[in-house]
Structure formats: C-alpha cells, structure tokens
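Every chain is numbered from 1, with letters handed out A, B, ... down the list of sequences.
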Amino acid sequence: MTTIRHLDHADTLHLPVLGDGPFNFRHTVWKPSHYDTGLEAHTTDRSWRTIRIGDLAVGVRLTCEDRTVIADIYTDGDYKPAHRDELRTRLTTSYGLTEDLTAFTALAERVPAMREPLAALGGIRQSCPEDHFEISVVALLLQNTTVSRTTAMTRNLLAHHGLLVHFAGVTLRAWFTPAEIAHVTAECFKEQDRLGYRAKSLPYFAAFFRDHTAEDLLGANLVERFQEIKGVGPYTAAVMASHASRDPSVFGIDVWNRKIFARSLLGAPDADAEVITQRMNELFPGHAGTAALYLVEHDYLARPVAPLLHPAGISSWNQALEATTA
DNA sequence: AGCCAGGTAATCC
DNA sequence: GGATTACATGGC
C-alpha cells in the first residue's frame with residue numbers, strides 16, 4: 001500500500017523566457033502526443049509536475065505571465081538553497097526557456113509542410129522534465145508495443161516502485177531513482193509490472209545511471225554512448241539525446257512518427273527510415289529534431305493522446321490515481 | 001488465429 | 001556486414 005506524501009509550499013521561482021521569438025507556454029509544457037504517465041497534469045492555463053532531486057520529492061505548479069514562467073515549488077523534505085538553484089536550472093533547461101529558435105524558424109519558413117505547424121505551434125520548445133534515466137525508461141516502455149500497453153507498464157512501475165504525492169490540489173506519481181530500483185529483479189519487472197522482454201533491460205538502465213552522472217556524458221557522442229547500455233538501440237538512444245540532452249539535430253524514428261514524416265514531407269503513407277532521415281537533415285540541417293517535434297505535435301494537436309483536464313475534473317483525476325496503489 | 005504495436009540483440013549467411 | 005528472427009504481451 002503506497003502512502004501519499006503531502007508536499008508543502010517551499011518556494012516560488014520566476015523563470016524568464018529569453019530571446020525575441022514567440023513563446024507558446026501551453027504547448028511547450030503540455031505535449032499533445034505525450035501519453036498519460038501520471039507524473040503530470042494540465043489544464044488550459046496551468047500544469048503540475050513532479051521532479052526527483054535525489055531523495056527529495058518535488059511538486060511544481062507552473063503558470064505563465066507574459067514571458068515569465070512562474071513555478072511554485074512544493075516539497076516534504078529539507079529544502080535548501082542548493083535545491084532552489086538546481087530546480088531553477090532544471091526547469092529552465094527542461095522546457096528550453098533560454099533556447100533560440102530563430103535558426104530553426106528561418107529554415108522552416110521555406111518548407112511548405114511546416115507552414116501550418118509553425119502557425120499553430122510557433123514558439124514551442126522540446127519538453128523533457130525527465131532526466132536521462134527517466135526518459136530512457138519512457139523510451140524503453142515505448143519499444144515495439146502499443147501506447148495503451150506503454151501506459152499500463154508505466155502505471156505498474158510507478159505504482160509499485162515510485163512515489164505518490166499530493167500538492168497544490170493535485171495527486172501525482174513521482175519517479176523512482178536508479179538506487180531505489182537497484183534491488184528489484186528482472187523477474188519482478190516481468191511478472192509484477194508486466195514489462196515482457198523489456199524487464200531484462202531495466203536493471204542495466206538503473207546500473208548505468210547509478211554509475212554515470214550527466215557530467216560524465218558531456219562531450220561524448222551520446223547516441224553512440226547510450227547504446228552501450230543493453231536494451232538501448234538507435235531509437236532509445238536518439239530519444240535520450242534529443243529530449244534529455246536537447247540535441248536539436250537528433251530525433252528518434254519509429255514506426256509511428258515515420259508515417260507522420262512520410263505523409264507531410266514526401267506525400268506518401270510511409271517510407272524507409274533512411275529516406276526520411278536524409279530528407280529531414282537536408283531540409284533542416286542541424287535542426288531535424290526540432291522539425292520532428294513540430295510535425296508530430298501538430299499532427300496530434302486536434303486529437304491529443306492525453307487531453308487537457310477541465311479544472312472541475314481534477315478531483316476525479318486525484319481519486320483515480322490514489323485508487324491505483326501497490 | 002494471426003498480426004501488429006511509438007525496437008533490440010542474437011544469429012545467420 | 002547486411003538480412004532475418006526471437007523476444008512478451010495485449011488488443012483488434
């Protein structure tokens with residue numbers, strides 16, 4: 001039985017958005033293509049998200065005024081000045097608040113297929129509040145399966161090994177750390193959490209990120225480096241590099257987004273991954289990952305995987321999450 | 001029943 | 001090397 005941790009308000013951060021281009025808060029923080037993890041909740045004008053900083057569980061409530069993101073911070077532990085600094089950096093980086101989109105936009109304006117995505121989503125940035133370990137788990141759970149099963153596996157893992165927190169009126173799950181699942185066996189991931197053959201990979205993921213910090217990986221060719229982990233291939237490594245490392249030139253290609261790119265760039269229902277990758281790099285040199293982001297999110301804008309919540313629906317959201325316990 | 005999902009590693013020639 | 005094939009599992 002998972003107990004709910006109640007987090008108290010500890011801080012308020014004002015995070016400026018730099019650069020002159022547009023900033024789209026709603027679609028930067030909430031992505032129409034992202035599946036429901038239980039780690040975040042979104043209404044039309046605000047978002048809630050959990051973050052782990054080592055042992056500390058943090059709840060963040062995000063709103064935006066003009067070009068400032070306001071982050072209300074909630075914790076249940078000993079909140080120190082160092083945590084404030086780390087959260088400021090983490091949130092600014094996670095949502096690309098200081099990233100310059102002008103080079104991408106200049107390339108995209110010359111491509112007809114980008115006209116509508118730019119008009120609808122101009123000013124969105126990659127969102128990745130996950131760290132490298134956490135996003136690697138997400139990508140692992142997306143491997144060769146349906147999104148509904150990915151959602152179920154995520155729910156199982158977080159219910160059995162993660163945290164359950166309540167803050168600012170919302171109940172959410174929070175990630176486990178590599179250390180917290182170091183003792184869990186592959187058999188448990190398979191039988192209890194229903195991960196199938198992916199169960200064997202997760203212990204390798206946890207061991208790698210227990211032993212390597214983000215600083216260790218600076219300067220490395222990340223897409224190659226991450227593939228040293230058993231269970232990480234070209235797709236998962238690219239998701240890690242494009243999302244957690246925020247390399248704008250990289251995107252992970254799979255059977256799902258391949259069709260989106262083939263349709264919008266080649267006018268075909270599907271195409272070889274090599275053909276698409278070459279075309280993307282040709283049209284958006286150095287920014288193919290950003291282009292991929294705009295094309296995919298625009299494709300999902302009218303029918304989001306996990307739609308925005310109505311404010312009145314938050315209490316039933318909370319009840320549903322609290323009912324799914326270990 | 002069989003095929004396919006927002007892939008990867010092992011094995012084959 | 002590049003081309004198969006097995007791998008878990010649930011939904012249609």
Side-chain angles (χ1 to χ4, degrees), chain A residues 30-40 117 126-128 130 132 134-157 159-160 184-208 222-244 250-265 268-278 280 288-307 324:
Chain A
W30 167 71
K31 290 295 192 289
S33 82
H34 288 194
Y35 74 91
D36 183 12
T37 59
L39 296 160
E40 51 192 52
Q126 185 72 268
S127 62
C128 188
E130 278 73 26
H132 283 85
E134 294 160 354
I135 200 67
S136 75
V137 176
V138 170
L140 174 70
L141 300 184
L142 287 165
Q143 289 176 8
N144 196 44
T145 193
T146 54
V147 168
S148 75
R149 214 176 139 226
T150 300
T151 306
M153 290 188 279
T154 304
R155 187 173 355 122
N156 292 343
L157 276 181
H160 297 147
V184 182
T185 62
E187 289 70 33
C188 179
F189 290 136
K190 184 168 180 288
E191 302 304 325
Q192 179 189 234
D193 304 319
R194 313 303 300 155
L195 297 201
Y197 64 83
R198 299 160 197 78
K200 295 190 294 288
S201 302
L202 192 44
Y204 293 115
F205 285 35
F208 183 88
L222 294 172
V223 177
E224 281 182 15
R225 194 66 207 287
F226 291 141
Q227 291 184 65
E228 293 170 10
I229 308 166
K230 201 153 160 177
V232 175
Y235 169 74
T236 303
V239 170
M240 293 161 77
S242 70
H243 286 65
V250 175
F251 63 101
I253 193 158
D254 52 47
V255 298
W256 156 71
N257 62 20
R258 204 178 66 203
K259 293 170 187 167
I260 296 176
F261 304 143
R263 236 181 308 143
S264 51
L265 296 177
D270 201 352
D272 286 344
E274 295 72 30
V275 174
I276 289 166
T277 303
Q278 191 185 345
M280 291 279 277
T290 310
L293 171 72
Y294 275 71
L295 289 171
V296 167
E297 297 310 328
H298 181 251
D299 197 68
Y300 271 84
L301 194 50
R303 43 187 178 87
V305 177
T324 317

task = Could you state the atom-to-atom distance from OH of A:Tyr35 to C1' of B:dA5 in whole Å?
result = 14 Å
key: B:dA1 versus C:dT9 - spacing of their C1' atoms, nearest Å   = 16 Å
task = Apply ring pair (Phe, Tyr, Trp, His ring centres under 6.0 Å) to A:Tyr197 and list each qualifying residue two or more places apart in sequence or on a separate chain.
result = none
query = Is the shortest heavy-atom distance from the side chain of A:Thr277 to the side chain of A:Phe251 under 4.5 Å?
reply = yes
inquiry  = Less than 4.5 Å apart, side chain to side chain, heavy atoms only: is that true for A:Tyr35 and A:Thr154?
reply    = yes
query = Is any side-chain heavy atom of A:Asn257 less than 4.5 Å from a side-chain heavy atom of A:Asp299?
reply = no
message = Measure CZ/A:Arg155 against P/C:dT9 and give the value in whole Å, please.
response = 17 Å
task = Under 4.0 Å from any atom of DNA chain B, heavy atoms only: list the residues of residues 250-263 of chain A that qualify, in numerical order.
result = A:Asp254, A:Val255, A:Trp256, A:Lys259
request  = Assign the ring pair A:Phe226 / A:Phe208 to parallel, tilted or perpendicular, where the plane angle (0 to 90°) is split at 30° and 60°.
outcome  = perpendicular
ask   = Got A:Met280 and A:Leu295 here, is their nearest side-chain heavy-atom distance under 4.5 Å?
value = yes
message = Work out how far the P atom of B:dT11 is from that of C:dA8, and round it to whole angstrom.
response = 14 Å
request  = Apply the test side chain to side chain contact (heavy atoms under 4.5 Å, CB included) to residues A:Asn156 and A:Gln192: give CA-CA distance (whole Å), side-chain angles for both, the deciding distance (0.1 Å), then the verdict.
outcome  = CA-CA 8 Å; A:Asn156 292 343; A:Gln192 179 189 234; over 6 Å; no
request  = Within residues 186-196 of chain A, find the residues that approach DNA chain C with a heavy atom at under 4.0 Å, and present them sorted by residue number.
outcome  = A:Lys190, A:Arg194, A:Gly196
ask   = How far, in whole Å, is C:dT5 from B:dG6 if one measures between their P atoms?
value = 23 Å
message = For a 4.5 angstrom cut-off between non-hydrogen side-chain atoms, does A:Ser127 reach A:His34?
response = yes
message = Does any part of the side chain of A:Pro203, heavy atoms only, come nearer than 4.5 Å to the side chain of A:Phe189, both counted from C-beta?
response = yes
inquiry  = Ring of A:Phe261, cation from A:Arg263 - is the NZ or CZ under 6.0 Å from the centre and inside 45° of the axis?
reply    = no
inquiry  = Please report the distance, rounded to the nearest Å, between CZ in A:Arg149 and P in C:dC7.
reply    = 15 Å
request  = Rounded to the nearest angstrom, tell me the gap between atom NZ in A:Lys200 and atom C1' in C:dT9.
outcome  = 13 Å
Taking N or O atoms only and anything under 3.5 Å, show me the protein contacts with nucleotides 8-10 of chain B, one pair per line.
{"from": "B:dT8", "atom 1": "OP1", "to": "A:Gly233", "atom 2": "N", "distance (Å)": "2.9"}
{"from": "B:dT8", "atom 1": "OP1", "to": "A:Gly233", "atom 2": "O", "distance (Å)": "3.4"}
{"from": "B:dT8", "atom 1": "OP1", "to": "A:Thr236", "atom 2": "N", "distance (Å)": "2.9"}
{"from": "B:dT8", "atom 1": "OP1", "to": "A:Thr236", "atom 2": "OG1", "distance (Å)": "2.9"}
{"from": "B:dT8", "atom 1": "OP2", "to": "A:Pro234", "atom 2": "N", "distance (Å)": "3.4"}
{"from": "B:dT8", "atom 1": "OP2", "to": "A:Tyr235", "atom 2": "N", "distance (Å)": "3.0"}
{"from": "B:dA9", "atom 1": "OP1", "to": "A:Gly231", "atom 2": "N", "distance (Å)": "2.7"}
{"from": "B:dA9", "atom 1": "OP1", "to": "A:Val232", "atom 2": "N", "distance (Å)": "3.4"}

inquiry  = Filter on side chain to side chain donor-acceptor pair (under 3.5 Å), then keep only pairs touching residues 226-238 of chain A, sequence neighbours left out; what's left?
reply    = A:Gln143-A:Thr236, A:Arg225-A:Glu228, A:Tyr235-A:Asp254
ask   = Do A:Leu222 and A:Met240 come close enough that some side-chain heavy atom pair is under 4.5 Å?
value = no
ask   = Would a 4.5 Å heavy-atom cut-off, applied to side chains only, mark A:Leu39 and A:Glu134 as touching?
value = no
note = Separation of C:dT9 atom C1' from A:Leu141 atom CG, nearest Å, is 13 Å
query = In whole angstroms, how far is the P atom of B:dG6 from the CG atom of A:Asp299?
reply = 13 Å
query = What is the distance, rounded to the nearest whole Å, between atom CG of A:Asn144 and atom C1' of C:dG11?
reply = 14 Å
task = Starting at atom NE2 of A:His243, determine the distance to atom P of B:dG6, rounded to an integer number of angstrom.
result = 16 Å
Polar atoms only, N or O, under 3.5 Å: list the protein pairs with nucleotides 4-6 of chain C and their distances.
none

request  = Considering non-hydrogen atoms only, spot the tightest contact between A:Ala199 and A:Leu195 and give its length.
outcome  = N-CB, 3.8 Å
